[in-house]
Structures are given as C-alpha cells and as structure tokens.
Amino acid sequence: MKRYLLVFLIASLATTLHAKFREEWQTDYRKALKQARTEHKQVLLNFTGSDWCGWCIRLKKEVFDQPEFIRLAEKHLVLVEVDFPQSGSLPRRVLEQNKKLRRGYCVEEFPTLVLLDCNGKKLKERTGYMEGGVAEIRRWIHAPLL
C-alpha cells in the first residue's frame, strides 16, 4: 500500500510540475514584457512550429521540459512561445501577434530563440536546434549556475 501511495505522490508531483511549466510559457508578448520589467528578468521568445517542426519538438523535450531549465527560467526569464502550429489551434489575436513578431524579428527558420532585455531590446538571437542541452542554453543566456 505504501509503495502505491509513493508512486501516486511522485506522479502527482511530476504532473503538477509539468502543468506549472506549461503555464510559464506565455503567449501574450506585451504582458510578458510587463512581467519582465516588474520582476527584472529577461524575455526569451521561442519561435516554434510546436506540432510539426522536428527540431522544435526535440528542443522542447531535451531543454525546455527539463527541471534544470525550469529552475533557470523561474529565476531569470519570462518565457514567450511564439508558435506557428499547422493545426491552426491558436486564437486569432495570438496568431496575428505571432505573425507581427515574426516579421519584426525577421524570423525565417524554426526554432529561433530571441533574448530580450526587460524593455524589449533584442540582446541576441539563435536559429536552429541548440546542441548541448540546458548547459548550452545557460551559456548562451549567460545565466549563473543554480
């Protein structure tokens, strides 16, 4: 009985952590900038094709879904997913915003990561899959070890 309870608790914790993380990826660019200014954080824009881009899916699985990245993001970043799914599942206002952001940052390939300061000034950009997992993204952002 104790074994089942432990398995249940671990599964519940993992589900809660995953749900909390999914909530951390915002879709409202302006709201994210406001949060970044309030919390003195940088903004990470993730231009992705979440349901069709193989490299985007791999980046999510190998980096963004990892507990180490989640801790890094909670401390240093406001996350914004700028998605272009083939399923057409985005609300119209989000899709229009994403198209505008894509044009504004001249994004032509997925995945593309754009790091902004808390006022929306572009600090750097990286296109393509980021080999090296969370350690590499930490180096790219210049975030300290947690």
Is the shortest distance from a Lys or Arg side-chain nitrogen in R139 or E136 to a carboxylate oxygen in the other one below 4.0 Å?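 Counted as a salt bridge, because a side-chain N and a carboxylate O are separated by less than 4.0 Å.
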Could you tell me the separation between the [atom1] atom of [X] and the [atom2] atom of [Y], rounded to the nearest 0.5 Å?
X	Y	atom1	atom2	value
R126	L115	CZ	CG	12.0 Å
K124	H142	NZ	NE2	3.0 Å
E109	F47	CD	CZ	13.0 Å

For the student: nearest non-hydrogen atoms of [X] and [Y], plus distance:
X	Y	result
D83	L90	O-CD1, 3.2 Å
N46	L113	OD1-CD2, 3.5 Å
C56	T48	CB-OG1, 3.1 Å
R102	E108	NH2-O, 3.9 Å
I57	S50	CG1-O, 3.5 Å
V43	A32	CG2-O, 4.3 Å

Determine yes or no for a side-chain-to-main-chain donor-acceptor pair under 3.5 angstrom, with [X] supplying the side chain and [Y] the backbone.
X	Y	answer
N119	K121	no
W52	F84	yes
Q97	Y29	yes

Worked check of side-chain contact (heavy atoms from CB on, under 4.5 Å) between Y105 and L116: CA-CA 11 Å; Y105 289 104; L116 310 173; 3.5 Å; yes
Cluster overlap [X] with [Y], hydrophobic side-chain contacts below 4.5 Å:
X	Y	result
L123	L72	yes
F110	L101	yes
I137	V114	no
V107	V82	yes
M130	L79	yes

Mark yes when over 12 heavy atoms from residues, nucleotides or ligands other than [X] sit less than 6.0 Å from its [atom1]; otherwise mark no.
X	atom1	answer
K100	NZ	no
Q86	CD	yes
K34	NZ	no

Would you say the side chain of [Y] lies within less than 4.5 Å of the side chain of [X], judging by non-hydrogen atoms?
X	Y	value
K41	L77	no
T27	N98	no
R71	E68	yes
E81	K60	no

Using the rule given for side-chain contact (heavy atoms from CB on, under 4.5 Å), can you reason through Q42 versus I141, listing the C-alpha separation, both sets of side-chain angles and the distance that settles it, and then say yes or no? CA-CA 9 Å; Q42 295 176 328; I141 293 170; 3.7 Å; yes
Which word best sums up how the rings of W55 and Y129 line up, parallel for under 30°, tilted for 30 to 60°, or perpendicular for over 60°?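 Correct class here is tilted.
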